[in-house]
Amino acid sequence: MDGFQAYGAGKAGGAFDPLTFIRQPQTVIRILCWLFSIVILGCVANEGYVNRPDEVEEYCIFNRNQNACNYAIAMGTLGFLCSAGFLALDVYFPQISGVKDRKKAVMLDIGVSAFWSLIWFVGFCFLANQWQFSNPEDNPLNEGADAARATIIFCFFSIFTWVRSRTVCLLPPAGQTVRLKRVSYEEEYNKLFTPPLS
């Protein structure tokens, strides 16, 4: 059982290797999720509010719907924090010695990734719809149009990164075992082959 790895983790308490960690598909996907959230948040916070030349008050570029900008900012902020949190969990994961704790982390990863896939899908549909119905007369100088399009595109990309984050746990890259299956196998192995206490 020395060479056995559950959910990409070696023996608990092993040394952390940053190069190996960065090369893992799960880490690359999490970094992409993190970057896409930053792009969405930055686009809406920086150029998501415009005003007509004859108005003083700024309004949301997405069909003057304040909820659209609020939703995009909330998604970007929470997605950024969630991605950073799971990156930290991935760094800490090799230190988790209990199989049950590892299994909880894997199940949490699957659930949160599925949730965020849905949230980004709703956000993409909502923002694309609001952008489609935006009135060109509200923005005659076409300010922030590229930022609005970038927000919609990166919402679309975020759907797939979060889906892939979930499927890495269930459908691994070629040559690797399913991570959830590894954790379950280790749990069963420990139940069957743990020596009785004297």
Side-chain angles (χ1 to χ4, degrees), residues 18-19 21-92 105 108-171 173:
L19 199 55
F21 177 73
I22 293 293
R23 290 181 181 168
Q24 293 177 346
Q26 186 73 13
T27 305
V28 173
I29 292 167
R30 292 220 198 277
I31 291 172
L32 284 175
C33 292
W34 183 73
L35 286 174
F36 291 170
S37 297
I38 291 173
V39 169
I40 291 165
L41 177 62
C43 285
V44 177
N46 191 31
E47 296 186 44
Y49 297 91
V50 294
N51 61 337
R52 282 195 274 191
D54 58 336
E55 293 179 343
V56 176
E57 188 175 339
E58 292 184 332
Y59 53 86
C60 181
I61 196 167
F62 294 100
N63 198 24
R64 289 186 163 236
N65 186 347
Q66 204 64 20
N67 292 329
C69 285
N70 291 342
Y71 188 82
I73 288 173
M75 282 191 316
T77 304
L78 294 175
F80 169 80
L81 294 173
C82 191
S83 299
F86 273 103
L87 267 172
L89 178 64
D90 288 346
V91 169
Y92 177 70
L108 179 67
D109 187 5
I110 292 170
V112 169
S113 296
F115 171 75
W116 273 104
S117 301
L118 176 66
I119 292 296
W120 286 116
F121 176 73
V122 170
F124 167 72
C125 294
F126 180 46
L127 294 176
N129 178 267
Q130 292 301 303
W131 180 246
Q132 179 183 2
F133 291 111
S134 294
N135 188 352
E137 294 175 5
D138 289 336
N139 190 7
L141 301 177
N142 211 20
E143 294 176 280
D146 291 337
R149 289 186 198 103
T151 300
I152 294 168
I153 288 169
F154 279 98
C155 281
F156 183 72
F157 291 158
S158 292
I159 297 167
F160 296 105
T161 55
W162 283 98
V163 165
R164 184 62 184 144
S165 178
R166 183 179 78 77
T167 57
V168 165
C169 296
L170 300 172
L171 305 171

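In what follows, every heavy atom counts, from backbone to side chain, and hydrogens, waters and symmetry copies are set aside.
In terms of heavy atoms, Leu127 sits closest to Cys155 at CD1-SG, 3.8 Å. Between Trp120 and Gly76, the closest heavy-atom pair is CH2-N, 4.1 Å. Considering every non-hydrogen atom in both Ala150 and Cys43, the closest pair reads CB-SG, 3.9 Å. Counting all heavy atoms, side chain and backbone alike, Arg30 lies closest to Asp90 at NE-OD2, 2.6 Å. Between Ala128 and Ile152, the shortest heavy-atom distance links the atoms CA-CD1, 3.9 Å.
Counting heavy atoms from C-beta on, the side chains of Ile61 and Glu47 never come closer than 4.5 Å. Proximity of Phe154 to Leu41: side-chain heavy atoms (C-beta onward) are nowhere separated by under 4.5 Å. Side-chain contact between Phe80 and Ile40 is absent, with no heavy-atom pair separated by less than 4.5 Å. In this structure the side chain of Ser165 reaches within 4.5 angstrom of the side chain of Asp109, judged on heavy atoms. Looking at heavy atoms from C-beta onward, Val50 lies in side-chain contact with Tyr59 at the 4.5 angstrom threshold. Side-chain contact between Phe133 and Asn65 is absent, with no heavy-atom pair separated by less than 4.5 Å. Counting heavy atoms from C-beta on, the side chains of Leu78 and Trp116 come closer than 4.5 Å.
By the neighbour-count criterion of 12 heavy atoms within 6.0 Å, atom CZ of Phe156 is sparsely surrounded, having that number or fewer from other residues, nucleotides or ligands.
At least one donor-acceptor pair under 3.5 Å links the side chain of Ser117 to the backbone N or O of Val163.
Cysteines Cys69 and Cys60 have SG atoms closer than 2.5 angstrom.
Under the side-chain contact (heavy atoms from CB on, under 4.5 Å) rule, Gln24 has a single partner from Thr27, Ile22, Val28, which is Thr27.
Separation of atoms CZ (Phe157) and SG (Cys33) is listed at 13.0 Å; rounding is to 0.5 Å. One distance of note links SG of Cys82 with CE of Met75; it measures 13.5 Å at 0.5 Å rounding. A distance of 12.5 Å separates CZ of Phe126 from CD1 of Ile119, quoted to the nearest 0.5 Å. Here the straight-line distance linking atom OG of Ser158 with atom CG of Leu35 works out to 10.0 Å at 0.5 Å rounding. Taking CH2 of Trp162 as the reference point, atom CZ of Phe115 lies at 10.0 Å (rounded to 0.5 Å). Between the CZ atom of Phe86 and the CG atom of Leu108 there is a distance of 4.0 Å, given to the nearest 0.5 Å.
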Assess the residue pair Trp131 and Thr151 against the criterion (side-chain contact (heavy atoms from CB on, under 4.5 Å)); give the C-alpha distance rounded to whole Å, side-chain angles, the decisive distance to 0.1 Å, and a yes or no. CA-CA 10 Å; Trp131 180 246; Thr151 300; over 6 Å; no

